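Taking it in order: structure first as structure tokens, then the write-up.
Naming: A, B, ... by sequence-line order, numbering from 1 per chain. Note that the coordinates shown come from a computational prediction; the quantities given were computed from them, not determined experimentally.
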Number of protein chains: 2
Amino acid sequence: MSETAPWLDDEEMTSWLSVIGVVMRLPSALDGQLRRDADLNYFEYGVLAALEHAEEQTMRMSDLAFVCNGSLSRLSHVARRLEGERLIARYACPTDGRSTLATLTDGGRERLATAAPGHVRLVRSLIFDELDRDEMRQLGDLAKRLLTRIQT
Amino acid sequence: MSETAPWLDDEEMTSWLSVIGVVMRLPSALDGQLRRDADLNYFEYGVLAALEHAEEQTMRMSDLAFVCNGSLSRLSHVARRLEGERLIARYACPTDGRSTLATLTDGGRERLATAAPGHVRLVRSLIFDELDRDEMRQLGDLAKRLLTRIQT
DNA sequence: TCCATTTCGTTGAAAGTTCAACAAATACTA
DNA sequence: TAGTATTTGTTGAACTTTCAACGAAATGGA
């Protein structure tokens, strides 16, 4: 990435603006519904949802941060808030003294149940109602390849 | 959007997780380079870039907010900062007393020139180096359709 | 073993964003 | 045209995220 790269041409720019438009606007669209329905933002929802799907409904903080696509610091602050609301609990990892394990509480499960139906409906209405199965698969495959690069 | 929607099946979920992964991680990847190279975040860069491409390098605040995919309030705060650094200037619109016009200054143009090469290189390395022309067109078309729904 | 390095998580402060309230100007309508 | 509603933009407070610094625990060589 050291040599001078050419600028984007018109066609590239058009595509890029659509992509970045989705990237910039989707989070606030999702946050809005979650805030109204369950007083959560998407990152908080993601934390609860990730824990629900995890074995024992428990994950290490750093793994949780990774699957939630956020920094460990961000997760740490959010975990403090969620713990304050008794939606998750944290305790020291018995096998690695550096690690902290986070687990979903009953309250967290309930809150997730409050948020989820509206969230799924919204995601359907914004994404899956617009794209058919094949298109969605294409989008997912392209996004997966980009994600590999971004995640470095 | 009122009836109970079915949950996402495995294939849908896999695609969705890739999409949301890009949505969540791309902004911080872009912010990092811009902060290092030119002490800007992506939203600020977008404001300067939008003005540069505008006629007279000038836009109404609310139009600017729209093309930058942000709220007017967010833009207003950012504009105050950018104006403080003399990267943009604001003045009342002569034809509509409610409106404010923002325009790029020489300093703003210079800052953009500092930021742009690295930014374009990064976007190329993350996006265009991974996808060929045809794939990028596909992605752009799919994203454009989603954007239409999200932008309501 | 000992020491340097890395990993893990938290913290407080700084920076940024959202939200609700507001004022000013324009547009609408009866 | 008077009164109401809408559009536009700003503001301050509350909230969230980032950044850099830190301590504790584990790892890896010499």
Exercise. Between D:dT17 and A:Arg81, is there an OP1 or OP2 to side-chain N/O distance shorter than 4.0 Å?
Worked result: yes
For this session: Assign B:Ser76 to base, sugar-phosphate, or nothing according to its heavy-atom contacts below 4.0 angstrom with the strands shown.
Result: base
Exercise. Rounded to whole angstroms, how far apart are CD on A:Glu44 and P on C:dT17?
Worked result: 18 Å
Problem set entry | Separation of atom CG in B:Asp39 from atom C1' in D:dT18, rounded to whole Å | 13 Å
Exercise. OP1 or OP2 of D:dA14 sitting under 4.0 Å from any side-chain N/O of A:Arg35?
Worked result: no
Exercise. Taking atom P of C:dG9 as reference, at what distance in whole Å does atom CZ of A:Arg74 sit?
Worked result: 17 Å
Exercise. Given the rule in the side-chain contact (heavy atoms from CB on, under 4.5 Å) test, do B:Leu30 and B:Val123 qualify, once you have shown the distances and angles that lead to the verdict?
Worked result: CA-CA 8 Å; B:Leu30 301 179; B:Val123 171; 4.2 Å; yes
Exercise. Does A:Val67 share a hydrophobic cluster with A:Leu101, counting links as ILVMFWY side-chain heavy atoms below 4.5 Å and allowing steps through other members?
Worked result: no
Problem set entry | Length of the line joining B:Met24:CE and D:dT16:P, which is rounded to integer Å | 14 Å
Exercise. Near DNA chain C, under 4.0 Å by heavy atom, which residues of residues 89-101 of chain A?
Worked result: A:Arg90, A:Arg98, A:Ser99, A:Thr100
Exercise. Is a donor-acceptor pair below 3.5 Å formed from side chain B:Ser73 to base D:dT11, judging by atom type as modelled?
Worked result: yes
Exercise. Rounded to whole angstrom units, what separation is found between the CG atom of B:Leu64 and the P atom of D:dT8?
Worked result: 14 Å
For this session: Using a strict 4.0 Å threshold on nitrogen-to-oxygen distance, state whether B:Asp141 and B:Lys144 make a salt bridge.
Result: no
For this session: Let me know the distance between CZ of B:Phe43 and P of C:dG16, rounded to the nearest Å.
Result: 12 Å
Problem set entry | Between P of C:dT10 and CG of A:Leu72, the distance in whole Å | 7 Å
Problem set entry | Side-chain donor/acceptor of A:Ser28 to base of C:dT18, under 3.5 Å | no
For this session: Give a yes or no answer on whether the side chain of B:Arg111 reaches the backbone of B:Ala38 with a donor-acceptor pair at less than 3.5 Å.
Result: yes
Exercise. Nearest-Å distance, CZ (B:Arg25) to P (D:dT18)?
Worked result: 12 Å
Problem set entry | Side-chain ion pair, B:Asp134 and B:Arg137, N-O less than 4.0 Å | yes
Exercise. Would B:Glu110 and B:Arg86 pass as an ion pair if we require N to O under 4.0 Å?
Worked result: no
Exercise. Taking for each residue the nucleotide of DNA chain C bearing the nearest heavy atom, is the 5' side occupied by A:His77 or by B:Arg80?
Worked result: A:His77
For this session: For A:Gly32 and for A:Met61, locate the closest nucleotide of DNA chain C by heavy-atom distance; then report the residue assigned to the nucleotide nearer the 5' terminus.
Result: A:Met61
Exercise. Within the modelled atom types, does a donor on one side and an acceptor on the other bring the side chain of A:Ser71 and the base of D:dC19 under 3.5 Å apart?
Worked result: no
Exercise. Between the main-chain N or O of B:Ile127 and the side-chain N or O of A:Arg149, is there a donor-acceptor pair closer than 3.5 Å?
Worked result: no
